[in-house]
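Counting convention: from 1, in listed order, for ligands and their atoms alike. Nothing here was measured: the structure is a model prediction, and the numbers come from that model. We use all heavy atoms of the structure for the numbers below, so side chains are in, but hydrogens, waters and symmetry mates are not.
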Amino acid sequence: MARLDPHSYNDSAQPETRFVEWRAHVDFTSRTIAAEATLHLSEGGGPLDLDTRDLHIDTVVDGTGSALKWELFPAEPILGSRLRIAVPADQVTITIGYRTSPEASALQWLDPEQTSGGRLPFLFSQCQAIHARSVLPLQDTPRIRICFTAEMTVPVALRALMAAAFVSREEKGDVAVERYEMKQSIPPYLFAFAVGDLESRELGPRSRVWAEPSVVEKAAWEFTDVDAMITACEGLYGTYEWERFDILTMPSSFPYGGMENPRLTFLTPTLLAGDRSLVNVLAHELAHSWTGNLVSNASADHFWLNEGFTVYAERRIFEKLAGKELAELHAALGRKSLDEAVREFADRPELTRLHTQLVGVDPDDAYSQVPYEKGYLFLRRLEEAVGREAFDPFMRRYIGTFPFRSITTDDFRVFLREALPQAYERVDVEEWLQGTGLPADSPVAESKRLDTLRALGDQVPPPEVAREWIPTEWQLYLESLPQAWSAEKCAELDGLYHLSASANYEILVGWLVVTLGADYSPAFGRLEDVLGSVGRMKFLKPLYRAMARNAKTRPMADDFFARFQGRYHPIARQVVGALLEKCEVVAH
Ligand code: BES
Ligand code: ZN
């Protein structure tokens with residue numbers, strides 16, 4: 001009789017879904033998916049509350065084909081509509097026939113012009129945190145893990161890829177039917193697919209990369225180190241449990257840097273810098289195969305268990321592959337983004353807790369670097385308290401204790417006290433988990449290169465210094481410049497280093513934010529290109545925010561958003577729209 005997840009209608013007294021069979025017809029003309037979902041339940045009987053959003057329900061039948069009573073409740077703003085089904089006591093399967101909406105919040109339907117090939121359409125899903133319910137009716141809470149089989153019918157010119165094991169492809173006239181299965185249980189937010197003109201290249205014994213044909217070679221070059229990363233992560237956390245680790249390079253409107261969909265990580269093409277400088281995102285998504293996908297947060301309130309652990313592992317992998325000095329630069333960048341996030345939440349300090357209380361709050365609005373970077377600092381603090389000799393075995397025990405389970409912050413706390421009592425004694429765990437802002441004992445990144453950068457401050461770096469910089473140092477430099485730098489200095493920096501032409505999106509966006517603060521208009525053409533072609537929220541948010549804050553550029557923000565929002569994924573459209581609405585103009 002309890003709603004244990006604030007973002008689901010699931011009632012803990014009701015049967016649980018164990019297995020889903022999904023049969024879907026993808027129609028690019030109407031931008032809808034017509035589907036059937038068969039849910040196999042742990043037991044029969046009683047009302048069953050499912051999560052849905054914008055689904056059109058046609059039929060609900062039991063395992064014998066008899067129609068069942070059902071009711072679709074009015075939509076609530078964050079949760080969507082409760083679908084209540086009366087399940088007979090002797091029935092453990094139900095089949096729901098339904099259609100998705102063209103506005104489904106998980107789905108982006110791309111016209112051919114929005115792909116790199118320009119010839120064929122593309123469709124992809126992004127279900128985390130609570131968007132799976134706009135694709136299929138289910139108990140959309142990570143507390144309830146499911147296995148599934150899926151059958152997708154798509155135009156024959158396209159491939160349907162799923163984050164699952166491939167079974168078969170059958171071509172029938174102008175359509176193809178692609179079948180997949182997932183034998184390992186997953187939280188519903190990891191349900192994922194993409195349909196498009198896709199090709200692959202082998203990267204290693206358990207990995208290949210998929211992308212549109214014009215992108216696939218570049219992607220294969222950029223992500224070539226994936227096997228070394230898998231091995232490094234196995235050293236840290238134990239055996240890789242998902243058999244394959246394939247990568248899908250997404251269209252540029254993909255709203256995240258990466259998404260850890262099991263067996264098929266989705267990555268933004270903005271990582272393709274041509275120098276492998278941004279592959280920490282790949283290491284991050286890989287590390288989720290343990291922290292997030294094996295051991296999952298039980299609800300968005302425990303999101304730090306997914307992301308904090310994963311950032312920690314990401315930096316350990318990076319340290320192994322690139323050395324401590326460079327890993328520390330990443331930690332320093334992380335700290336900058338954390339300080340910024342804490343500042344942004346000045347009026348909502350409760351969102352700076354690791355363990356949050358998101359009743360009535362949309363997880364997409366609460367999203368920030370806090371669970372990532374404060375979670376990372378907490379784990380690093382625990383590591384420093386006991387040393388790696390004790391901390392590394394603790395991490396392996398943690399994974400080994402909760403595989404294929406969804407856990408809460410309290411489960412972690414109890415486990416920590418039992419398995420690593422010295423750390424529990426030396427660190428104020430309650431303060432870290434429940435407190436707001438940053439604890440006084442937060443570890444600080446140290447490195448020689450950081451000292452040099454700190455000494456430079458906001459001066460324009462001389463060529464003999466900047467010549468040695470790797471992209472991460474450029475990022476750190478740009479992010480440490482004052483919000484209102486001078487247009488003259490921008491001109492000097494651009495003249496020397498041509499930052500507007502950078503092929504590295506992290507540098508480019510860092511630079512564009514600086515130019516907005518300084519009203520340096522020669523860069524605004526490039527800004528328009530970026531906002532019109534890239535949908536990654538990590539870039540959209542600071543750019544729109546910087547424009548909207550400055551009275552001179554506020555109209556430009558509204559104009560760009562009006563023109564480009566149709567190109568963004570529904571999640572990005574919603575998040576940027578909300579940001580523009582609440583952003584206050586500060587006089588310059
Ligand atoms: N799982 C997240 C992306 C996500 C989080 C999607 C919450 C929806 C809701 C993914 O693993 C992630 O953290 N991506 C980061 C990568 C970075 C931390 C290296 C991103 O997209 O910026
Ligand atoms: Zn992550």
Check: Among Phe378, Tyr398, Phe391, which one satisfies ring pair (Phe, Tyr, Trp, His ring centres under 6.0 Å) with Tyr312?
Finding: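 That would be Phe391.
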
Notebook entry, point to check: Can you give the angle His284 NE2 - the Zn ion (ligand 2) - His288 NE2, rounded to 10°?
Noted result: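 Taking the Zn ion (ligand 2) as the apex, the two atoms subtend 100°.
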
Do the charged groups of [X] and [Y] touch, with an N to O distance under 4.0 Å?
| X | Y | answer |
| --- | --- | --- |
| Glu328 | Arg315 | no |
| Lys336 | Glu340 | no |
| Arg388 | Glu383 | yes |

What are the distances between nitrogen or oxygen atoms of ligand 1 and protein nitrogen or oxygen atoms, counting only those under 3.5 Å?
unit_1: ligand 1; atom_1: 1 (N); unit_2: Gln128; atom_2: OE1; d: 2.7
unit_1: ligand 1; atom_1: 1 (N); unit_2: Glu260; atom_2: OE1; d: 2.6
unit_1: ligand 1; atom_1: 1 (N); unit_2: Glu260; atom_2: OE2; d: 3.2
unit_1: ligand 1; atom_1: 1 (N); unit_2: Glu307; atom_2: OE2; d: 3.2
unit_1: ligand 1; atom_1: 11 (O); unit_2: Glu260; atom_2: OE1; d: 2.9
unit_1: ligand 1; atom_1: 11 (O); unit_2: His284; atom_2: NE2; d: 3.3
unit_1: ligand 1; atom_1: 11 (O); unit_2: Glu285; atom_2: OE1; d: 2.7
unit_1: ligand 1; atom_1: 11 (O); unit_2: Glu285; atom_2: OE2; d: 3.2
unit_1: ligand 1; atom_1: 11 (O); unit_2: His288; atom_2: NE2; d: 2.9
unit_1: ligand 1; atom_1: 13 (O); unit_2: His284; atom_2: NE2; d: 3.1
unit_1: ligand 1; atom_1: 13 (O); unit_2: Glu307; atom_2: OE1; d: 3.2
unit_1: ligand 1; atom_1: 13 (O); unit_2: Tyr372; atom_2: OH; d: 2.6
unit_1: ligand 1; atom_1: 14 (N); unit_2: Gly258; atom_2: O; d: 3.3
unit_1: ligand 1; atom_1: 14 (N); unit_2: Glu285; atom_2: OE2; d: 3.3
unit_1: ligand 1; atom_1: 21 (O); unit_2: Gly257; atom_2: N; d: 2.6
unit_1: ligand 1; atom_1: 21 (O); unit_2: Gly258; atom_2: N; d: 3.4

Regarding [X] and [Y], is there a side-chain donor-to-acceptor distance under 3.5 Å anywhere?
| X | Y | answer |
| --- | --- | --- |
| Arg53 | Ser105 | yes |
| Arg3 | Asn10 | no |
| Ser277 | Asn504 | yes |

Item checked: Metal check, the Zn ion (ligand 2) vs Glu307 N/O/S, cut-off below 2.8 Å ->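 An N, O or S atom of Glu307 is closer than 2.8 Å to the Zn ion (ligand 2), so yes.
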
